[in-house]
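Structure, as structure tokens:
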Amino acid sequence: MVLNTNLLSNKPAFNFLILTLLITCCLGIYWPGLGGIFLLDDYHNLNTLNQHGGVTDLNSFLAFVFGNNSGTLGRPISMMSFLIDDHAWPSSPRSYKYTNLLLHLIGGLLIILFIYRIAISLKLDNSTARYIAFLCGALWIFHPLNVSTTLYVIQRMTQLTSIFMLVAILCYCHGRITYENNPAKALTIMTAGITFFGCLALLSKENGVLLTVYILIIESTIFQSLQKPKAFKIWVSIFILLPLIVLLAFFASRGFYVNAYEMRDFTFAQRLMTESRILIDYLYSILIPPARGTGLIHDDIVISTGLFT
């Protein structure tokens with residue numbers, strides 16, 4: 001297993017017990033929710049399973065996987081993953097939600113590995129790094145805000161994007177830490193991780209474009225004290241900065257989607273101002289999870305019409 005690294009080196013039995021407890025408790029908490037129903041966008045995206053009488057041949061497979069219009073790129077990786085659970089419609093939501101739960105656990109394990117790697121990079125001792133990693137992983141696995149992502153079937157798109165981005169970031173962190181010892185191997189690992197898993201993340205949901213932003217943040221904070229040879233700077237320019245420039249050029253060519261708001265009752269600027277308040281609300285909910293009132297629909301949010309209104 002990928003977890004048989006330094007993370008489990010000192011006390012393998014104890015660490016295995018902690019992981020088992022985390023997984024068991026998560027399964028126990030989420031299990032009743034597997035009996036839930038399909039919601040909202042589930043129908044819009046999954047009822048195309050029956051567009052050709054089910055996915056039974058190559059043509060119906062291609063139509064379902066590449067015919068989705070929920071995003072700019074069609075999100076084919078996410079659409080393909082739904083075929084794990086069923087190939088026709090209507091269907092039972094339990095199988096879909098069960099797969100989502102497994103993906104949630106995989107994401108939690110990747111969070112543990114990522115935090116452990118970061119803690120080691122900050123020169124914490126192995127024991128402290130493990131405890132911090134387990135604590136952060138547990139907070140993420142059990143946090144109430146992740147319930148809607150896990151039990152809302154179509155949010156698998158978000159789950160897959162997060163998983164692929166985490167794997168790409170882990171590849172980057174490993175390469176960055178070992179760069180001084182073996183630059184060629186480190187650059188190979190970082191390049192393969194970002195290009196391959198970055199593309200998988202992007203084809204799962206467009207949020208994957210944020211991968212380069214996350215790496216820039218990690219580089220400018222966690223790894224800011226590491227040496228930056230010329231070869232590494234060139235690599236950053238090609239694989240980190242250039243994709244960001246291309247992304248900005250794409251948005252600029254589309255007019256930052258301003259035209260998309262002609263038929264809405266709010267403008268692009270009003271949406272940005274409103275979402276800044278929503279972001280603060282999310283941050284508050286992360287630190288202090290609300291006992292009730294969370295859900296998928298928030299029609300009671302008042303649109304910001306100015307910086308102070």
Side-chain angles (χ1 to χ4, degrees), residues 26-27 29-107 144-165 197 199-210 250 254 257 259-266 271 275 278 282 293-301:
C26 182
L27 289 173
I29 291 171
Y30 273 93
W31 203 261
L34 300 184
I37 61 175
F38 288 115
L39 300 164
L40 301 174
D41 289 348
D42 291 343
Y43 294 95
H44 172 72
N45 289 275
L46 296 177
N47 64 11
T48 54
L49 280 169
N50 206 40
Q51 187 174 1
H52 299 278
V55 179
T56 57
D57 54 28
L58 180 60
N59 290 333
S60 57
F61 171 83
L62 294 176
F64 176 71
V65 172
F66 297 98
N68 184 274
N69 59 1
S70 62
T72 304
L73 301 178
R75 308 174 184 180
I77 299 298
S78 295
M79 299 307 294
M80 192 184 306
S81 75
F82 292 123
L83 296 176
I84 296 174
D85 307 298
D86 207 342
H87 57 83
W89 184 267
S91 182
S92 170
R94 187 175 188 85
S95 176
Y96 293 92
K97 293 177 185 287
Y98 176 74
T99 303
N100 279 21
L101 177 55
L102 296 182
L103 291 174
H104 177 63
L105 288 172
I106 291 173
L145 281 185
N146 285 329
V147 172
S148 59
T149 305
T150 305
L151 296 180
Y152 184 10
V153 171
I154 205 63
Q155 285 300 311
R156 182 181 303 179
M157 297 175 175
T158 300
Q159 289 183 304
L160 288 173
T161 301
S162 301
I163 287 173
F164 291 134
M165 282 197 290
F197 292 105
C199 287
L200 290 179
L202 188 60
L203 293 176
S204 297
K205 192 174 182 180
E206 288 73 15
N207 299 39
V209 300
L210 294 175
F250 171 77
R254 298 287 294 272
Y257 295 102
N259 295 335
Y261 294 85
E262 292 179 351
M263 300 182 65
R264 299 179 181 269
D265 57 357
F266 52 87
R271 175 172 181 171
E275 288 187 342
I278 296 173
Y282 264 101
T294 58
L296 298 176
I297 301 177
H298 298 275
D299 290 338
D300 57 339
I301 296 176

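We count residues from 1, following the sequence as given.
Under a cut-off of 6.0 angstrom, the local environment of CZ in F266 is crowded, with over 12 non-hydrogen atoms contributed by other residues, nucleotides or ligands.
Here the side chains of T149 and H104 are not in contact, with every heavy-atom distance at 4.5 Å or above. In this structure the side chain of D85 never reaches within 4.5 angstrom of the side chain of Y98, judged on heavy atoms. Under the 4.5 Å side-chain criterion, counting only non-hydrogen atoms from C-beta, N45 is in contact with M157. Side chains of Y30 and N146 form a contact here, defined as non-hydrogen atoms less than 4.5 Å apart. In this structure the side chain of S81 reaches within 4.5 angstrom of the side chain of L160, judged on heavy atoms. Side chains of V65 and L83 form a contact here, defined as non-hydrogen atoms less than 4.5 Å apart. Residues C26 and L105 form a side-chain contact, since some pair of their non-hydrogen atoms from C-beta on lies under 4.5 Å apart.
For W89 and F64, the ring centers sit 6.0 Å or farther from each other.
To the nearest 0.5 Å, atom CG of residue L34 and atom OG of residue S92 are 10.0 Å apart. L101 contributes atom CG, which lies 7.5 Å from atom CG of L151 (distance to the nearest 0.5 angstrom). Annotation: the span from L103 atom CG to T99 atom OG1 amounts to 7.0 Å, rounded to 0.5 Å. Atom CG of residue L49 and atom OG of residue S91 lie 7.5 Å apart, to the nearest 0.5 angstrom.
Between S60 and D57, the side chains place a donor N or O and an acceptor N or O closer than 3.5 Å (distance only, hydrogens not considered). T161 and N207 share no donor-acceptor pair across their side chains, judged by distance under 3.5 Å alone.
Formation of a donor-acceptor pair under 3.5 Å by the K97 side chain with backbone atoms of F38 is not found in this model. In this structure a side-chain-to-backbone donor-acceptor pair under 3.5 Å is present from N100 to V153.
Classified by interplanar angle (parallel below 30°, tilted 30° to 60°, perpendicular above 60°), the ring pair F82/Y96 is tilted.
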Test F61 against H87 for side-chain contact (heavy atoms from CB on, under 4.5 Å), laying out the working first. CA-CA 9 Å; F61 171 83; H87 57 83; over 6 Å; no
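Y152 and L39 make their closest contact through CE1-O, 3.4 Å (heavy atoms, listed as atom of the first residue, atom of the second, distance). Smallest separation of non-hydrogen atoms from S204 and S78: O-OG, 2.7 Å.
Contacts of K205 classified as side chain to side chain donor-acceptor pair (under 3.5 Å), with partners at least two apart in sequence or in another chain: T158.
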